[in-house]
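Basis for what follows: all heavy atoms, side chains included, without hydrogens, waters or symmetry-related copies. The sequence lines fix the lettering, A, B, ..., with proteins before strands; numbering per chain opens at 1.
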Amino acid sequence: MDRVLRAHALKPENFFDVLEERRRGSDISHALRTFSAQVPPVPVSALNRMVQESQYLHYVISEIAAETGEPYECVKDEATSILEEMSQNLQLSFIRLMAFALTKVFKRLFSSIRVNEDGLARLQQAIQEHPVILVPNHRSYIDFLVLSYIMFTYDLSVPVIAAGIPLMGMSLVGEVLRRSGAFFIRRAIGSDKLYWAVLSEYVRTIVRTGFAPLEFFVEGLRSRTLKSLKPKLGMMQMVLEPFFKGEVYDITLVPISISYDRVLEESLLAHELLGVPKPSETTRGLLKARRVLEENYGCMHVYFGNPVSVRELAEGRIQRGQYNLIPRDLPLKLSANLQEFVGDVAHLVVHLQERGSVLSPWSLMALILLQNPDDLDWNVFIQKTLRLRTLASQLGAQIDWPAQLSDLEVMSSSMALHHAVVQSENGRVRLVEKEGPGPITQEEAVLRRASSVLMCASYRNQALHVFTRPALVAAAMAMAPSHSKEDVFGRFRFLQDLLANEFIFIPGHTVQDFEEGCSGLLRCGALSIQDHALSVIGEAQDTVVFLSGILKPFIETYQVVLEVLGKETFQTFTEKRFVPDIRAATVKLILSGEVRSYECISSDTLKNALSALVRMEAASKCQVADQIEYRVNQNVLRRIRDTLDGSVASEVPLYSRL
Amino acid sequence: MASNTDISEHQRSARRRLRIIAGHLQRSEQDGAAALSAQECKAETPRPSAAKGTAVPKRRQEIMKWNGWGYSDSRFLFNKKGQAEFTGRRYRLSGLILPSLKDWFEGTFGANLQHKTPATASLSVSAVPPPNLNELLVEELKAAGVALSSNPEDRVFRSHGHCLHEIFALREGRIGRIPDMVVWPSCHDDVVKIVELASKHNVCLIPYGGGTSVSSALECPPEETRSIVSIDTSQMNRILWIDEKNLTAHVEAGIIGQDLERQLNESGYCTGHEPDSMEFSTLGGWVATRASGMKKNIYGNIEDLVVHIKMATPRGVIEKSCQGPRMSTGPDIHHFILGSEGTLGVVTEVTMKIRPIPEYQKYGSIVFPNFQQGVACLREVAKQRCAPASIRLMDNEQFQFGHALKPQVSSIFTSFLDGLKKFYITKFKGFDPHHLCVATLLFEGDREKVLQHEKQVYDIAAKFGGLAAGEDNGQRGYMLTFVIAYLRDLGMDYYVIGESFETSVPWDRVLDLCRNVKERIVRECKDRGVQFPPLSTCRVTQTYDAGACVYFYFAFNYRGLSEPIHVYEQVEHAAREEILANGGSLSHHHGVGKLRKEWMRESVSSVGLGMLKAVKDYVDPNNIFGNRNLL
């Protein structure tokens with residue numbers, strides 16, 4: 001895995017605008033041109049038949065029939081209807097129709113859709129060799145439309161896509177998506193044995209036969225925070241199984257990083273994080289959303305990462321021979337060793353997605369803005385942003401900073417694009433709060449303010465991964481009793497563990513992450529390491545402070561959660577009440593001035609904090625009646641709080657590999 | 001007893017059969033001169049010579065190559081016009097021009113006739129290390145009347161099998177550790193005597209039969225410090241008796257396959273055991289490696305054919321007391337002997353089943369649109385248990401390989417017919433010439449039954465999209481397996497090295513294993529700097545109820561590589577790893593030898609390996625049979 005990470009070090013690549021040619025040429029002839037990519041080796045109907053007649057499904061159906069006492073045929077019919085609900089119906093004619101419509105839409109929405117053509121060339125090569133799995137990050141509903149559109153435009157086999165079932169419910173749209181290659185997955189499928197069986201066999205059959213490139217979102221959901229989510233493993237497992245069982249020689253994973261200057265759903269994002277439920281996906285809702293089409297969303301970047309060979313990742317880790325003594329079609333749980341491997345691969349892919357993503361000037365600006373939310377001088381703003389740009393590129397980020405424009409122009413146009421969030425008046429820059437009707441309560445004002453902050457934070461989050469590791473080292477140094485490497489590493493590990501739902505780290509890679517953080521700091525001249533001790537270089541003190549400040553909103557939220565849960569009223573609480581209650585308590589703290597960051601009421605961060613506490617055994621989870629209840633372990637809670645405040649030594653860490 | 005006409009009918013069919021198969025051997029000149037004898041050998045008064053009419057003489061160097069496969073007079077070469085031809089007069093291909101071989105050879109390997117890598121012409125005696133003789137043993141053997149030699153040529157000939165690295169080294173004139181002496185026992189008692197004396201003087205014995213091993217089994221362990229004596233069983237080559245009531249024959253284990261079949265044929269019988277090496281390999285060797293013959297579907301593999309085995313070990317002679325067809329007397333002791341690879345003793349005499357020569361034989365072939373369909377068909381044939389004597393499925397590459405061996409056709413009519421056939425299959429039936437593959441068939445038995453059987457198999461094939469493609473294609477398929485070793489020598493003249501290896505695998509994994517192993521070979525070659533894609537091809541060569549035997553050919557052009565053999569071995573090693581990871585066995589019939597020893601524990605478990613070691617320790621505590629194979 002380390003080898004792969006090294007081999008996938010980012011090299012600067014050129015991006016080309018897919019829309020440029022469309023603006024010059026005819027949309028209809030683009031849609032109708034000869035499409036020379038590989039066609040699926042079997043028709044859709046044959047694919048479904050293979051799934052239905054598979055030995056695996058036969059086993060599972062027999063098992064379920066025996067367990068429930070239902071006749072075999074009934075269970076089988078049920079399986080068939082699941083398959084029908086699920087399956088895609090990829091048709092080139094619909095792809096053409098979509099291509100035509102999407103050209104129109106995209107030209108309107110985006111000033112450009114920029115793609116690294118080298119990546120596409122690598123992808124084309126990969127498609128000819130082994131089954132290809134496209135793994136994009138998920139930031140917007142239109143992610144997969146854009147990908148299919150690009151694949152079609154570059155004469156690459158159009159993928160089949162694992163999509164959420166709500167999309168299917170939209171009349172017409174569901175069918176159109178189905179014919180464009182989408183297949184539909186219900187949420188929370190782990191418990192439904194038959195559903196899981198049909199889906200996994202369907203996915204495996206697609207991979208085994210090399211039907212088409214398979215595309216799925218390893219994060220499972222669209223990220224509301226625009227920050228990477230902890231990967232879901234079910235789909236990844238299904239995809240990798242044919243390799244474990246020797247049914248394919250290799251599987252190629254292609255991480256894809258999609259970055260937006262501005263996402264279509266931006267106003268929804270903040271509302272969802274503040275507890276305003278998202279509208280369910282209906283066709284009518286979609287039509288209502290037409291007005292989003294009237295806005296400009298700037299530029300979009302799609303980076304096709306280096307193909308990753310699963311065989312290479314598995315070398316020395318996986319014994320494929322473990323299936324030698326059993327029929328491979330038996331429905332068996334994956335061995336612990338394989339499960340761990342699946343998890344590591346999923347995390348690796350997320351990591352590679354982060355590495356490949358392109359930072360917009362706006363996400364850097366958002367970072368600066370959030371550190372000075374109330375009032376910022378325009379010139380200071382420019383200066384700080386430029387310094388941050390330097391820092392980010394020292395840390396290896398890909399930044400899309402148009403070279404042909406002056407820095408002032410770049411930043412002004414970003415401001416213009418995001419006029420809904422930020423405004424500049426009389427040389428001062430400030431966050432915009434949505435004007436609401438009439439007099440409002442203090443609490444409502446906090447939420448209004450938070451909404452702008454969180455929207456801004458989402459864009460900052462797109463850049464976060466660049467700074468995470470050095471920032472964690474910086475924060476660890478501030479907390480550690482001494483600057484010896486051991487002490488700093490101990491705090492680093494603690495923080496990484498605590499924030500593991502916040503930032504995506506490859507499990508078991510703490511040492512490498514620490515080294516990466518240190519070398520990042522070394523590279524930007526903020527740190528020196530001598531005799532196993534880290535020391536901050538005098539004139540770079542502010543860089544270190546700045547970096548650890550990036551983590552501040554998160555650490556502050558965790559501190560608030562620890563604080564609130566430390567109170568007696570929170571000895572036990574239900575899952576349902578957790579976010580609203582904590583949020584209410586936090587709003588009070590904000591109003592009293594004890595808490596400064598408005599990000600502390602983001603439901604996403606609150607939930608992450610809770611699962612971190614469960615993971616670290618400061619809270620335990622149990623089912624009471626039909627509710628999930630949590631019970632707080634005050635001792636552990638206190639220890640975490642003290643460690644976070646830097647007042648006690650955490651358990652002595654083993655730093656064996658240094 | 002049969003009437004005269006029946007006998008001559010038998011003889012006629014024996015001749016016909018010989019002409020068609022059995023390595024396409026030229027008929028022996030001394031027709032029917034082999035004397036059958038049931039007389040016991042007296043160790044004190046050895047006979048001056050073994051049974052007459054043996055195809056391979058005691059001094060192998062008289063007619064065999066010292067650094068390549070087979071007879072000295074038979075080899076492939078590119079003549080002055082650049083056309084391939086096969087020399088000599090022994091084989092059906094002998095003296096013929098093979099017009100398409102050159103293009104295939106150059107196209108497949110990126111080889112060039114200008115770039116030659118000729119072998120050292122003759123064995124330089126000075127390169128042969130002097131023998132480390134145990135004088136006392138030599139004297140006692142001489143006193144016992146056992147033929148022996150420490151002539152360098154005799155020793156070099158018995159120092160190797162036919163692994164690539166062994167032949168490659170000989171071609172370069174490199175000679176490593178070789179036996180110090182060769183002895184030729186002429187009967188069971190001779191062997192007993194030799195084993196006794198070897199134990200007494202603590203020398204290492206390595207049994208040698210036909211020398212066709214491809215598992216490094218005959219290589220002398222370089223770490224062996226004792227004197228190494230090669231026991232060449234070639235002079236123990238008589239059929240001692242034939243039991244026509246029970247249809248068994250008692251045969252000395254040194255007899256080579258072609259002699260055994262020819263001599264039995266003269267009495268109207270055959271064993272039906274036809275491994276691809278049968279021209280040279282011996283009965284004892286088959287037993288010691290668990291050999292398999294191409295017609296095993298009718299006659300069985302060697303373990304099904306043997307009724308009784310006698311083996312001389314340092315502990316004494318092991319054999320059963322009766323010839324009952326099956327026994328429940330604990331684990332079958334034959335199975336300690338079968339596959340023991342010369343680590344326990346020397347197989348001296350074997351009683352094996354014989355069958356009347358079949359009345360009728362017919363080749364056939366079926367074209368399939370792709371390999372998957374072909375495998376599905378073979379699986380169905382196995383399921384219905386109606387496999388012909390032989391059924392093999394060659395992949396596309398091997399089909400093309402076979403095609404390159406088509407001799408020049410004399411008549412325009414034949415070539416017109418060929419063209420028509422090709423047109424029908426590729427254009428009319430829409431088979432992709434780069435995907436289609438061919439099954440070759442051999443039917444045997446009563447004429448009527450064969451025809452009936454044939455129809456049954458072709459009907460099954462039709463369900464899988466198979467088209468009958470004629471006898472000629474089938475026959476050529478089998479020819480390929482007999483001449484492949486000669487072809488390797490040709491390749492080695494032009495920078496091309498290669499080898500075959502095999503495995504057995506459950507039916508549901510056949511396709512996956514074939515694809516993954518072939519791909520692995522291609523990838524590994526690329527990763528190791530092989531400039532031109534290798535030939536990586538396979539065939540399903542045997543079918544069983546629960547699985548199949550798969551046979552791979554792998555060869556590549558090594559121009560530009562500094563250590564071609566090392567690269568070759570790494571790739572072969574990776575391919576074996578891939579086989580094991582895909583549920584294939586360590587070996588179906590080539591054996592383990594020293595080449596595949598490292599995987600034995602993984603293959604049979606620690607306890608299993610311990611059991612085998614315990615047997616070895618009991619039977620041969622001083623490691624007299626010290627070839628270090630298997631364990």
Side-chain angles (χ1 to χ4, degrees), chain A residues 3 7 38-39 41-42 46 49-50 53-56 58-59 125-126 128-131 201 204-205 207-211 240-252 307 309-330 332 335 337-338 341, chain B residues 369-373 375-376 379 383 395 432 434-435 465 503-527 533 536 538 546-547 550 552 570 573-586 598-605 608:
Chain A
R3 200 179 49 233
Q38 283 171 328
V39 288
V42 290
R49 205 167 48 246
M50 285 164 88
E53 289 167 4
S54 68
Q55 187 73 39
Y56 169 80
H58 167 70
Y59 277 132
Q125 179 68 34
Q128 285 160 12
E129 292 180 349
H130 302 294
E201 188 58 25
R204 284 192 298 256
T205 308
V207 175
R208 260 197 302 258
T209 54
F211 180 82
L240 295 184
E241 252 178 301
F243 171 75
F244 297 152
K245 293 183 176 173
E247 293 164 336
V248 292
Y249 180 78
D250 196 357
I251 290 175
T252 309
S309 151
V310 173
R311 179 176 270 264
E312 213 174 295
L313 292 177
E315 208 183 306
R317 282 196 60 174
I318 296 302
Q319 286 286 331
R320 281 174 294 151
Q322 61 188 274
Y323 287 101
N324 284 357
L325 296 178
I326 40 166
R328 289 173 296 170
D329 305 312
L330 274 188
L332 289 180
S335 69
N337 157 264
L338 290 180
F341 178 74
Chain B
N370 55 46
F371 193 62
Q372 290 90 307
Q373 297 280 75
V375 171
R379 205 280 163 267
K383 201 187 250 172
D395 68 1
D432 181 343
H434 297 290
H435 284 125
T503 186
S504 56
V505 62
W507 276 116
D508 73 312
R509 285 180 168 274
V510 169
L511 275 179
D512 291 333
L513 181 132
C514 291
R515 179 195 53 241
N516 290 353
V517 172
K518 287 190 329 186
E519 172 102 35
R520 179 78 180 258
I521 290 171
V522 172
R523 300 265 149 187
E524 293 282 340
C525 280
K526 198 174 161 205
D527 290 350
S536 172
C538 72
V550 182
F552 294 90
Q570 285 179 314
H573 190 274
R576 182 58 60 180
E577 293 276 355
E578 192 64 33
I579 286 175
L580 297 175
N582 282 277
S585 65
L586 190 52
E598 63 180 291
W599 290 289
M600 264 304 272
R601 186 176 299 277
E602 182 188 330
S603 291
V604 302
S605 81

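- Two residues are said to be in side-chain contact when any heavy atoms from C-beta on lie closer than 4.5 Å; B:Arg509 and A:Asn324 meet this criterion.
- Smallest separation of non-hydrogen atoms from B:Arg515 and A:Tyr249: NE-N, 4.2 Å.
- In this structure A:Phe341 satisfies the ring pair (Phe, Tyr, Trp, His ring centres under 6.0 Å) test together with A:Phe244, sequence neighbours excluded.
- Remark: A:Lys245 NZ to B:Asn582 CG distance equals 13.5 Å, nearest 0.5 Å.
- Other residues, nucleotides and ligands contribute more than 12 heavy atoms inside 6.0 Å of the CD atom of B:Glu519.
- Looking only at side-chain heavy atoms (C-beta outward), B:Arg523 and A:Arg311 stay at 4.5 Å or farther from each other.
- A donor-acceptor distance shorter than 3.5 angstrom exists from the side chain of A:Arg328 to the backbone of B:Asp508, with no hydrogens or angles considered.
- Salt bridge status for A:Arg320 with B:Glu577: absent, with no side-chain N to carboxylate O gap under 4.0 Å.
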